[in-house]
Amino acid sequence: MKESDAQSISLLGATGSIGESTLAVLELHPEKFSIFALGANTNVKALFDLCQKHHPRFAVMADVDAATQLQNLLSHANSKTEVLAGSGALDQVASDADVDIVVAAIVGAAGLSSTMAAAKAGKKILLANKEAIVIAGNYLLEAVHQNNAKLIPLDSEHNAIFQCHPLAQSKVNIGESHSSVKKVLLTASGGPFLRRELNSFQNISVKEACAHPRWEMGRKISVDSATMMNKGLEFIEACYLFDLKPEQIQVVIHPQSIVHSMVEYIDGSILAQLGSTDMRIPIAHALGFPERIDSGAQALDIFDIAKFDFIKPCTKRFPALRLAQQAASEKHVLPTILNAANEVCVNAFLNERLSFTQISSTVEKVMHDLQGENVNSLADIMELDAQTRVATTAYLT
Ligand code: NAD
Ligand code: MG
């Protein structure tokens, strides 16, 4: 039984960058939100500290050994938080009858199962985990629609599109086409290598790739931003969330990262959402929707902005963007291969087993090798994801 009128939240990916920003917004509104569960993978110390601070009913660690360690620490501290272990437990706290809102902030395809569980249980889902929608878009949206769930994007660009899209807002259940939308202008900062000499790309270090000029994020999405695979994944994400054809999305490099995306209508109007580069803004928007609540972020001073640049991206510099746009032309098979191969390659790059340029070249090879596969169910997607990881790993050795 719920003890108050506050909305009850399961935050999955609590120890990450989005998790931290979400908790910062929640702390500003203790009367509006209560934390039901916090979930993470292996970082015992970080989840222990969060449990001591936020006192969730449940703490879930996907890794079973990590869960045992957390249990020991919490028992010694006389904590009332109950520890659950394994990915099934993430699904459980995403679908529990006492939960109102699920923040899907796990990185990678590992977040799909709990996001699907939340959709099937009819929850309000705040979606940061773009990989889930990239690989299983139709299945996830179908589960959202069939179970009267609500899905609000947290990705800053998609949240901006949602904010500039009254028709999508009136449904909240997004994923429907609207003939009045001509196109979406999906903005990108261009990452740290927008102007770096192309012939030095093979020497790019992990440190350089993770040093994003505008956003502070987890390591995987930071590398994805450097290759622009992140924008590629977001391109596919936007196709699903707003039911757009690939030719209706124009990627626009906007190095200032003040305009977070735009929607162009058939009457010639273009609506844009502006704000400082702080994920607490889209998170507060999605938490409060349709109301507005304080995010704690610094307001943008419009007089501080000298100018806006808008540049067409170069796919020679950023081949990952070309690969993702190619994948977006079909549902599920190529996006699943692209995503899984990229996850393996980014991990190998972070472990210094692959060069920066080999990330995209390896993803391209794997897409070529596996492109004829068939997908007719969610189980097929998971099987293709696993098969792709094996095929990609074979290129690394
Ligand atoms: P991060 O690496 O900082 O955090 C990832 C979180 O996921 C951690 O809490 C980790 O414990 C958890 N996790 C990882 N693997 C897991 C598994 N197998 N099972 C359960 N939990 C697992 O990543 P992040 O930057 O917070 O990004 C999270 C997601 O949000 C990604 O999909 C990313 O693309 C998306 N996103 C992030 C930002 C940002 O500003 N950081 C912006 C837009 C979208
Ligand atoms: Mg984004």
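Numbering of ligands and ligand atoms starts at 1, following listing order. Note that this is a predicted model, so its numbers are computed, not measured.
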Output yes when a side-chain donor or acceptor of H55 lies under 3.5 Å from a complementary backbone atom of K80, and no otherwise. no
In terms of side-chain heavy atoms, does Q69 have a donor or acceptor partner in D65 at a distance below 3.5 Å? no
Minimum-distance atom from the Mg ion (ligand 2) among N, O or S atoms of E157: OE1
Please find out if less than 6.0 Å separates the ring center of F162 from that of H158. no
Give me the nearest non-hydrogen protein atom to atom 29 (C) of ligand 1 as residue plus atom name, then the distance to 0.1 Å. I106 O, 3.8 Å
Do S156 and ligand 1 have an N or O pair less than 3.5 Å apart? no
For H54 and E27: C-alpha separation, side-chain torsions, deciding distance, then whether side chain to side chain contact (heavy atoms under 4.5 Å, CB included) applies. CA-CA 9 Å; H54 299 283; E27 270 180 64; 3.7 Å; yes
What do we get for A14 next to ligand 1 when only non-hydrogen atoms under 4.0 Å count, side chain, backbone, both or neither? backbone
Output yes when the distance from some N or O of ligand 1 to some N or O of N41 is under 3.5 Å, and no in every other case. yes
What I'd like to find out is whether the side chain of F36 reaches to under 4.5 Å of the side chain of Q7, using heavy atoms alone. no
Which N, O or S atom of E234 lies nearest to the Mg ion (ligand 2), by name: OE2
So is L90 polar-close to ligand 1, meaning N/O to N/O under 3.5 Å? no
Starting from the Mg ion (ligand 2), look over the N/O/S atoms of D155 and name the nearest one. OD1
Could you check atom 34 (O) of ligand 1 against the protein and tell me its nearest heavy-atom contact, residue, atom and distance included? K130 CE, 3.1 Å
Would you say the side chains of D380 and N374 form a donor-acceptor pair under 3.5 Å? no
Please determine if G39 has a nitrogen or oxygen closer than 3.5 Å to a nitrogen or oxygen of ligand 1. no
Among protein heavy atoms, which sits nearest to atom 14 (C) of ligand 1, and what does the distance come to when rounded to 0.1 Å? V107 CG1, 3.7 Å
Return yes when atom NZ of K120 has more than 12 non-hydrogen atoms of other residues, nucleotides or ligands closer than 6.0 Å, and no otherwise. no
If the threshold is 4.0 Å, N to carboxylate O, is there a salt bridge linking E131 and K220? yes
Any nitrogen or oxygen of E131, side chain or backbone, less than 3.5 Å from one on ligand 1? yes
Tell me which protein heavy atom sits closest to atom 12 (C) of ligand 1, plus the residue, atom name and distance to 0.1 Å. G13 CA, 4.0 Å
I want to know if ligand 1 touches T15 in the polar sense, i.e. an N/O pair below 3.5 angstrom. yes
Atom 18 (N) of ligand 1: the protein heavy-atom neighbour that sits closest, reported with distance to 0.1 Å: A110 CB, 3.3 Å
Show which atoms of ligand 1 fall inside a sub-4.0 Å distance from at least one heavy-atom site of A62. 19 (N), 20 (C)
For the residue pair E343 and N347, confirm or rule out a side-chain donor-acceptor distance under 3.5 Å. no
